[in-house]
Amino acid sequence: MNTVNDAFMAQASVLRVMTAGSVDDGKSTLIGRLLHDSQGLLTDQLDHLYQSSSGEGAGALPDFAGLVDGLEAEREQGITIDVAYRYFATPRRKFIVADAPGHEQYTRNMATAASTAEVAVILIDAVRVCEGELLDQTRRHATLAALLGLKHVVMAINKMDLLHWDPQVYERIVTACAQLAESLGLRSWQALPISALHGDNVVLSSHHTPWYAGPPLLELLESLDVQPVPDGQPLRLPIQTVLRHEGATPASRRSYCGEIASGCLAVGDGVKVLPGGARSRVAAIATPRGAVERAEAGTPVAVQVADDLDISRGDVLVAADADVVVGRRLEADLCWLDDQPWQETRRYGLKQGTRSTSAQITAILSRRDLRRLETGVESATTLGMNDIARVSLSTRDTVLLDPYDDLPAIGAFILLDPGTHQTVAAGMIRAAVNPGV
């Protein structure tokens with residue numbers, strides 16, 4: 001690539017995309033086809049692809065899914081188990097694509113992929129839902145995409161070639177997708193008919209769909225307007241570790257290290273340490289590239305303050321004049337990820353950024369019925385694997401209660417089994433209850 005193209009690609013925006021959907025909907029095949037048709041494969045990858053062609057003769061089709069499924073168990077079973085990340089670029093945009101597994105037992109992996117994505121491409125097997133009844137796992141993935149605040153959702157209705165590109169089938173499925181999107185409050189979504197295996201409407205428009213007036217998938221992804229994090233977000237710097245310089249000498253000093261989750265920090269700024277409330281001013285900021293006067297969100301920093309304060313891992317630096325809600329009681333949306341159901345009297349570990357404490361679910365306020373697209377409390381007495389519910393929690397220690405919709409980096413948390421340290425639930429703070437208590 002020449003210098004001009006290097007400079008262009010350095011300025012090209014990056015779009016983080018996650019593919020989701022039920023088992024065998026064609027997620028890995030779609031990503032493989034995208035990489036192939038957009039010329040995002042290396043020579044050795046192309047050689048391996050065509051060596052793995054199915055069948056014989058000119059009609060043999062490459063194993064596009066094999067480009068993504070890297071685990072031996074994935075290749076043997078023809079399924080996706082772990083999240084696979086692939087990178088490619090076009091003249092208009094760079095892409096980071098996460099292929100999420102479709103099996104219910106791997107929903108936790110899908111939630112991990114969705115937490116860093118901006119766009120979800122949810123594949124729908126047109127053969128299995130030709131009457132318009134979406135699968136539960138499709139609904140579950142769409143629900144998680146909505147709860148996690150993804151900016152766009154694309155409903156890719158796959159395998160239309162097996163239904164002879166019937167527009168009536170397509171419209172029935174689109175109607176079901178519209179009902180799902182409305183029930184979840186999806187702000188931006190679009191449907192399109194594709195064949196991931198044959199490449200119709202993936203990179204190039206298909207002559208099989210004269211009744212579809214929209215762009216192919218790649219063109220759609222290139223054109224999506226994903227706004228950057230808005231300026232003016234409040235400062236949040238979770239402290240990860242404390243470094244001590246010069247030992248116990250009179251010149252000794254401490255640096256408080258972490259990655260700025262939101263906002264910005266400058267030398268001279270007044271800061272407050274939460275949840276304790278002690279105040280000071282920033283004396284120096286160091287980054288991996290050296291000392292700086294100012295650092296933005298996403299930058300790892302080592303900060304020195306003017307006063308000798310007790311600051312430790314789990315504390316959060318905020319602006320000195322910030323009005324931040326803290327407390328021990330909150331409402332949150334939970335996706336239960338463990339195969340062991342919730343135990344009413346049990347306390348679980350809670351990890352919010354770098355802060356660790358314990359928490360107890362005090363009530364299930366509502367649980368989402370994925371089939372009827374409703375929430376209700378009639379049967380909300382337990383939580384099992386992949387259940388999604390609004391709950392009340394009580395924490396042992398004070399935590400920041402920034403809503404997830406406002407500050408995802410602080411408003412997200414996980415619950416841990418205290419015995420095995422396995423993640424049992426992913427949560428998003430929605431509201432504080434009795435702030436300060």
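The figures that follow rest on heavy atoms only: side chains count, while hydrogens, waters and symmetry mates do not.
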NZ/NE/NH1/NH2 to OD/OE distance under 4.0 Å, Asp397 and Arg328: no
Sub-4.5 Å side-chain heavy-atom contact between Ile122 and Trp189: no
CD1-CD1 distance between Ile157 and Ile173, expressed to the nearest 0.5 angstrom: 5.0 Å
Electrostatic pair Arg86-Asp99, nearest N-O below 4.0 angstrom: no
Closest contact, heavy atoms only, Ala196 versus Asn158: N-OD1, 2.9 Å
Side-chain touch Leu30/Val202, heavy atoms, less than 4.5 angstrom: yes
Student check: side-chain heavy atoms of Ile364 and Trp342 closer than 4.5 Å: yes
Gln233 side chain vs Asp406 backbone, donor-acceptor pair below 3.5 Å: yes
Donor-acceptor pair between Ser206 and Asn201 side chains, under 3.5 angstrom: no
Point-to-point distance, once rounded to the nearest 0.5 Å, from OG1 of Thr116 to CD of Glu118: 9.0 Å
Between Arg355 and Gln352: side-chain donor-acceptor atoms closer than 3.5 Å: no
Check: Arg294 side chain, Ala266 main-chain N or O, donor-acceptor pair, under 3.5 Å: no
Shortest non-hydrogen separation from Leu148 to Met428 and the atoms involved: CD2-SD, 3.6 Å
Beyond-backbone contact of Leu407 with Pro234, side-chain heavy atoms, under 4.5 angstrom: yes
Atom pair CG/CD1 of Asp402 and Ile410 - distance to nearest 0.5 Å: 6.5 Å
Side chain to side chain, Leu330 and Phe413, heavy atoms closer than 4.5 Å: yes
Any Val17 side-chain heavy atom under 4.5 Å of Val121 side chain: yes
Exceeds 12 heavy-atom contacts within 6.0 angstrom, atom CD of Glu182: no
Test side-chain contact (heavy atoms from CB on, under 4.5 Å) applied to Tyr348 and Gln343, step by step: CA-CA 10 Å; Tyr348 295 90; Gln343 298 179 30; 3.9 Å; yes
Intermediate values then yes/no, side-chain contact (heavy atoms from CB on, under 4.5 Å), Phe95 and Tyr87: CA-CA 6 Å; Phe95 295 92; Tyr87 311 86; over 6 Å; no
Beyond-backbone contact of Ile31 with Thr19, side-chain heavy atoms, under 4.5 angstrom: yes
Set of residues satisfying salt bridge (Lys or Arg N to Asp or Glu O under 4.0 Å) with respect to Arg346, sequence neighbours excluded: Asp417
Minimum-distance pair of heavy atoms, taken over all atoms of Arg254 and Arg244: NH2-NH1, 3.6 Å
Heavy-atom donor-acceptor pair, Asp315 side chain to Ser312 backbone, under 3.5 Å: yes
From CD1 (Ile414) to OG (Ser356), nearest 0.5 Å: 8.5 Å
Trace of the side-chain contact (heavy atoms from CB on, under 4.5 Å) decision for Leu184 with Thr143: CA-CA 7 Å; Leu184 297 176; Thr143 300; 3.5 Å; yes
Interatomic spacing from CZ in Arg92 to CG in Leu15 - rounded to 0.5 Å: 11.5 Å
Shortest non-hydrogen separation from Lys351 to Gly353 and the atoms involved: NZ-O, 2.6 Å
Donor-acceptor under 3.5 Å (Arg140 side chain, Asn386 main chain): yes
Heavy-atom closest pair, residues Lys27 and Ser22: NZ-O, 2.8 Å
Minimal non-hydrogen separation, Thr382 against Arg367, with atom names: O-NH1, 2.7 Å
Return all side-chain donor-acceptor pairs below 3.5 angstrom for residues 215-222, not counting sequence neighbours, or 'none' if the list is empty.
unit_1, atom_1, unit_2, atom_2, d
Glu222, OE2, Thr90, OG1, 2.6

Any side-chain heavy-atom pair of Leu365 and Glu331 under 4.5 Å: yes
Worked verdict on Tyr404 versus Arg430 for side-chain contact (heavy atoms from CB on, under 4.5 Å): CA-CA 6 Å; Tyr404 180 87; Arg430 297 306 181 193; 3.9 Å; yes
OG1 on Thr398 to CZ on Arg329, rounded to 0.5 Å: 13.0 Å
Donor-acceptor list for residues 270-287 side chains, cut-off 3.5 Å, not counting sequence neighbours:
unit_1, atom_1, unit_2, atom_2, d
Lys272, NZ, Ala322, O, 2.8
Arg279, NH1, Ala320, O, 2.4
Ser280, OG, Ala306, N, 3.3
Ser280, OG, Asp307, N, 3.1
Ser280, OG, Asp307, OD2, 2.7
Arg281, NH1, Gly268, O, 2.6
Thr287, OG1, Arg289, N, 3.2
Thr287, OG1, Gly290, O, 3.0

Donor-acceptor side-chain pairing of Arg93 and Ser13 below 3.5 angstrom: yes
Check: Arg236 side chain, Ser262 main-chain N or O, donor-acceptor pair, under 3.5 Å: no
Donor-acceptor contact below 3.5 Å, side chain Thr138 vs main chain Leu134: no
Donor-acceptor contact present, side-chain His141 to main-chain Gly21, <3.5 Å: yes
